[in-house]
Amino acid sequence: MFKKFLKMNAGDFALYAAVTGGLFLLGEIVILCVMAIVKPDTGVLLAGIVLPIVAAFSLFIMSFTNSWVTFDLALRFGRTRRQGLGLVAGLLALEGVFVMALAALLAAIERFLLPGLWARLAGRDGWTWMSAAPVPEGAERLSSAFLQVEDFVLAWWWYPVLWAAALAFGLFAGVLLQRLGPKGAWVLWCLWMGACFGPQLLGFNMWFIGDWNLGLIAGCVALALAGFVWAVWSMLHAVVRS
């Protein structure tokens, strides 16, 4: 049963590859053109931070769609709620592994294969990692002959974290619409507005400029787990609309 379901949704994997791979190619073409035309003395690795975030967003969209539409279709075609949940969960798990592995592979290609090409296009003798430490006076002339590469990457543990977060929040959002219909969209809008403006109303900084601490991280993890548990419970008790 799952193999047939997987074949029916094979287009999802092609979409992941097109979005992630296309963004990677576009970004690298731009960087190569800059190196060949502008010939800067520095370069920046971006795939290691951009691609995992893009992959997580794509996975969130697919998780949202499959838990809302695909799960409902499975019930309409005679599958039990438990079977529908298993099919959707298995599909999303495989899609998550695929898209995150693809993002990691492309980030590794940029990190280990492309800086040398960047350096040749920029007319440099080679490349080296950019160091935050001051360059000694005697090494300034030597370092100027090399392309200085800035290393912007996410740590390896961000990949499973982004994967789990995208699946949990996408599942929650999709199941909310599946259960409440159009009212669920208003609930999601209110939750989004609360996340955006709630911190300022309470006197705190926005999440992206505030200080992350263990309490805040634990609170986000607790909310994600609560939303995931509720989504699973809701899918096991879903109402099939005619």
Side-chain angles (χ1 to χ4, degrees), residues 2 5-35 42-70 87-119 121 127 129-130 147-174 192 195 207-208 212 217 220-221 223-225 227-228 231:
F2 182 70
F5 184 73
L6 195 59
K7 290 181 179 179
M8 291 174 55
N9 294 274
D12 292 357
F13 294 89
L15 181 60
Y16 285 129
V19 172
T20 308
L23 183 63
F24 172 77
L25 288 176
L26 177 62
E28 296 307 323
I29 289 173
V30 171
I31 293 175
L32 292 175
C33 290
V34 170
M35 292 294 168
T42 60
V44 180
L45 294 178
L46 293 177
I49 192 170
V50 173
L51 294 186
I53 295 175
V54 171
F57 183 75
S58 302
L59 186 59
F60 168 81
I61 296 298
M62 286 300 181
S63 178
F64 171 78
T65 303
N66 282 308
S67 58
W68 177 23
V69 178
T70 308
L87 291 173
V88 170
L91 174 65
L92 292 176
L94 285 179
E95 289 180 350
V97 171
F98 173 78
V99 71
M100 286 300 172
L102 179 61
L105 174 62
L106 294 177
I109 289 175
E110 182 189 58
R111 182 181 182 87
F112 296 108
L113 298 182
L114 293 181
L117 178 58
W118 296 353
L121 291 175
W127 68 276
W129 296 117
M130 183 179 292
L147 181 71
Q148 304 292 314
V149 179
E150 185 77 22
D151 190 9
F152 282 121
V153 296
L154 292 178
W156 67 268
W157 52 266
W158 272 105
Y159 285 83
V161 168
L162 289 172
W163 173 53
L167 288 177
F169 287 113
L171 199 67
F172 172 78
W192 174 251
W207 66 272
F208 52 82
W212 283 87
I217 294 174
C220 292
V221 171
L223 287 175
L225 287 176
F228 176 77

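- For the pair Glu150/Thr42, no side-chain contact is recorded, criterion being any heavy-atom separation below 4.5 Å from C-beta on.
- Taking each heavy atom of Gly48 and Ala107 in turn, the nearest pair found is CA-CB, 3.7 Å.
- Atom CH2 of Trp163 sits in a sparse spot, with 12 or fewer heavy atoms from other residues, nucleotides or ligands closer than 6.0 Å.
- To the nearest 0.5 Å, atom OH of residue Tyr159 and atom CG of residue Leu154 are 6.5 Å apart.
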Tyr16 and Leu59: side chain to side chain contact (heavy atoms under 4.5 Å, CB included), yes or no, with the steps?
CA-CA 8 Å; Tyr16 285 129; Leu59 186 59; 3.4 Å; yes
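- The shortest distance between side-chain heavy atoms of Asn66 and Leu171 does not fall below 4.5 Å.
- Closest non-hydrogen pair, Ala47 versus Pro52, comes out as O-CD, 3.4 Å.
- Considering CD of Glu28 and CD1 of Ile109, their distance stands at 9.5 Å, rounded to 0.5 Å.
- Taking every heavy atom of both residues into account, Ala168 and Ala224 meet most closely at CB-O, 4.1 Å.
- With rounding to the nearest 0.5 Å, the separation of CE in Met62 from CG in Leu167 is 12.5 Å.
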With side chain to side chain contact (heavy atoms under 4.5 Å, CB included) as the criterion, how do Phe24 and Leu102 come out once you've worked through the C-alpha distance, each side chain's angles and the decisive distance to 0.1 Å?
CA-CA 11 Å; Phe24 172 77; Leu102 179 61; over 6 Å; no
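- Legend: residues meeting ring-ring contact (aromatic ring centres under 6.0 Å, His included) with Phe13, ordered by chain and number and at least two apart, are Phe98.
- Atom CG of residue Asp12 and atom CG of residue Leu6 lie 9.5 Å apart, to the nearest 0.5 angstrom.
- Across every non-hydrogen atom of Ser63 and Gly170, the tightest pair is OG-C, 3.4 Å.
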Derivation of the side chain to side chain contact (heavy atoms under 4.5 Å, CB included) call for Glu110 and Leu51
CA-CA 11 Å; Glu110 182 189 58; Leu51 294 186; over 6 Å; no
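- Here the straight-line distance linking atom CZ of Phe172 with atom CG of Leu223 works out to 9.5 Å at 0.5 Å rounding.
- Across all non-hydrogen atoms, the minimal contact from Gly21 to Leu106 is CA-CD1, 4.0 Å.
- The line from CG of Leu121 to CG of Leu147 is 10.0 Å long, rounded to the nearest 0.5 Å.
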Hey, mind stepping through Val44 and Val149 against side chain to side chain contact (heavy atoms under 4.5 Å, CB included) and telling me if it holds?
CA-CA 6 Å; Val44 180; Val149 179; over 6 Å; no
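- You'll find the side chain of Leu117 stays beyond 4.5 Å of the side chain of Met35, heavy atoms only.
- Looking at Ile49 and Val153, their side chains never come closer than 4.5 Å, going by heavy atoms from C-beta outward.
- Shown here for Val99 and Thr20, the closest heavy-atom pair between the two residues is CG2-OG1, 3.9 Å.
- Evaluation of the ring-ring contact (aromatic ring centres under 6.0 Å, His included) rule for Phe64 yields Trp68 as partners, not counting sequence neighbours.
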